Amino acid sequence: MAELLFGAETEYAVVWHGFKKKRPGEETATELVQRARMQLPHVQDMSASHGVFLGNGARLYVDCRTHPEYCTPECTDPWDLVRQVEAGHRILASLALKARVEGKRDKAILCFRSNVDYSGSFATWASHENYQFNGGTGELSPQLIPHLVTRPIYTGAGGFHPRSRGLEFTLAPRLTYFERLVADNTTSIRGIWHDKSESLSAGYRRMHVICGESLCSQLALFLKFGVTAIIVAMADAGLRPGETVQLSDPVSALQTVVGDVSCTAKLPLSDKHSRTAIEIQRHYLEMAEAHIQDEFMPSWAGAVCRQWRVTLDRIETEGPAAVASTLDWAIKLSLYSHQARDLGIRWEALEALNSLLDLSSPQPDLDQDADSLLIEERALRRKLRSEEEFDKLEMLARAQDVDIDELKTLARQRERMFEIDMRFGELGAAGLFEAMDKAGVLDHRMVAEDEVERAMTQPPPHGRAKIRGQVVQKLAGNDEARCDWQQIVDHTNGRALSLSDPFIKEEGPWLPLVNTEIHDGQVFNIGTGFQDSGAASSPYSRRQDAADRILSGDFAGAEVLLRGLLEECFMLPSTRCHMARVLVMTDREPEARDQINQAWSIRDHADTYVVPRMLFFQLVFALLDETDTAGVIGLMRTALRESGATLDWAIVPMLDHLRPRIGEENYEFLKVLAKVLSGSEQVLELEEFPQWRIAAFN
Amino acid sequence: MRFIERTNDEQRRQAPSGDADSSDALDQARSDSDRMLAVGDEAIRRALEGGNSEAFLRSAMQQGGE
């Protein structure tokens, strides 16, 4: 039977509770990660200054400078992955508890498994999945998209539509933001299919799923990972499980699925027929069951299929009530409708009440600048609760036979219901899900309590995560060690360990650092070492040599090296940026512009941090031309929202060179922007510049 | 196998064979549901006690990211 590998990433909402002065998310997230560095065996993260790899093989770091993110180690079965996700929750909860201010029990850090922000920012907290595949059999996306669209019937977190003016229950609140079929972005423009090609291993590819949610139910987690992994395995083996259930409009179908708590809505297919989400899931299930003994299937596929079938049967025959103690969305539906009734809001009247409130205020325009959006949204929310607004709505309410007092109650209790939804996923004993689970009224568990405790400190038993965890435990306390997904570098002993083979069975061999280079996750033995900058050395060495020569003013030497690399088509987007720098410094600006134009045309192949650099050059050229910069600044604002958008960059000497031509005001702006791109300043620092403030996100 | 098989489905009651069984099963389901809601209501009361939901949501605002 085949071995599969998959993992999960969870972003947590964090709150400093009980303090009069609000603390930024970054400060809170950093506090938690620093606690991890003080209290848990770890090795420092190679690529994030505020990050660690833990003894269980997981990664904990501050993402987007706002929130903690926990990435599980790679697992080979869905039980292990459920354990590791649960272990992440426990680790965060434990760090938050330890950060509690001594002697002040009411002051604490609270952490939440939340999916959408109800404060008016319209941001979300992500929960991504990763599935390894071989990728030799064509496109996965057509085979997976019908599954991703219909799986919310068991993977939905439940909650409220964040853009409704009233209170609209949805199976999956975060998925209401998915308005594209395919996108390579994870923040502003989200696609059902995430077009990201970052393997993080040698010889395999990685499917990165962003249209999922943080879940509390272990059964829901188990099905999310297990079923999706099985479908990936079938598609990767050359089967076409999605072929006869192609949706005519997947984006529209996704919104239908998440808005339909009965799970009975018909979804139009490309072949002019239509099927319900349950029927499409049954189609995948039946194909999986037919191939359960095939070589490409994992040994655990039968167990997953049994749970999958039971869950679909229950929803189909008895509706949401049959899973009301089992799946996140159904537990919430039962609990929230009961709460609403207690507050004086009839659940069955919500549709009419919501439509009145929707009529009263426009939908938010998510394309505008985040700060403007927040200000406008909060003003609209205040207006929706004002007596003047109710006076205006009274006539309409009467005409539609809606009770105006019930409407007032709804408008005034929305925030309470939103808080309940956040509190549902709060980590620790006060969280609603955890309190209900502890009382024994839920029926969702898939793994034993002691196994979760063990997963907090021990890696999964197979694959490179096992080796990573073991080595991290051995190197813990070594400040000169660094780790990422594909290697561990021990500078104290001058050696590096490659983990690029995801199924590595034992540690070693460690390669001496003097003869080793680490690039794109692979440890290369290059024989003659770093010092050789001649034609025989690796392209990485030559590019580093070129960068060093640029800094030392040897532009001719840098140009020779860079032209050689361009001929070899070596990492073209970033090499062209290096070349543009040389050309600007040697006053060959038209050629520099050409390099940036060529780099921009292949930006889809660029590392995340290279895109803002291309935009930086475009901005410099626009300022030199005295043309409108709003468009390119808007693109920059969006690009900087991406994780990994910044990396140390010595571009200020180029700005100094151009200073007489671009003027003092622009120079100061670009200098701060350069620091932001280098990761040494926060994006917020740019808000003092009007050209940044007025540019909309693009 | 290293995992714990989920057993509650196997342990679920068999399909009711008559009206009396059906009525008992329904009563049990209602009772379970009522208990779950009572526990949930109490947890909500404790979690939100004395708080201000609007202020809470503001304090939890996601300032970037995804």
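Note on naming: letters A, B, ... go to the chains in the order of the sequence lines (proteins, then strands), and numbering restarts at 1 for each one. Both backbone and side-chain heavy atoms feed into the values below; hydrogens, waters and symmetry mates do not. Since the structure is predicted, the reported quantities are computational estimates derived from the model, not experimental observations.
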Response to the item:
Closest non-hydrogen atoms of B:D41 and A:H338, given as atom of the first, atom of the second and distance, are OD2-CE1, 2.6 Å

Worksheet item: Rounded to the nearest 0.5 Å, what separation is found between the CG atom of B:L37 and the OG atom of A:S334?
Response: 4.0 Å

Item to complete: Indicate whether the side chain of B:S53 and that of A:E415 have a donor and an acceptor atom separated by less than 3.5 Å.
Response: no

Fill in: Among B:L48, B:N52, B:I44, side-chain contact (heavy atoms from CB on, under 4.5 Å) partner for A:E419
B:L48

Worksheet entry | Interchain contact, A:F112 with chain B, by part (heavy-atom threshold 4.5 Å) | side chain

Worksheet entry | Side chain proximity check, A:L442 to B:M36, heavy atoms < 4.5 angstrom | yes

Worksheet entry | Gap separating the OG1 atom of A:T66 from the CE atom of B:M61, nearest 0.5 angstrom | 10.0 Å

Worksheet item: Side chain, backbone, both or neither: which part of A:R378 has an atom under 4.5 Å from a heavy atom of chain B?
Response: side chain

Discussion item. Looking at every heavy atom in both B:L57 and A:F418, which two are closest together, and how far apart are they?
Written reply: CD1-CB, 3.8 Å

Fill in: Presence of salt bridge, A:R385 and B:E54, under 4.0 angstrom
yes

Worksheet item: Between A:M436 and chain B, which part of the residue has a heavy atom less than 4.5 Å away: side chain, backbone, both or neither?
Response: both

Worksheet entry | Which portion of B:R35 sits near chain A, non-hydrogen atoms under 4.5 angstrom | both

Worksheet item: When you measure from the centre of the six-membered ring of B:F56, is the NZ or CZ of A:R416 under 6.0 Å away and within 45° of the axis?
Response: no

Response to the item:
Nearest heavy-atom contact between A:A430 and B:A47 is O-CB, 4.3 Å

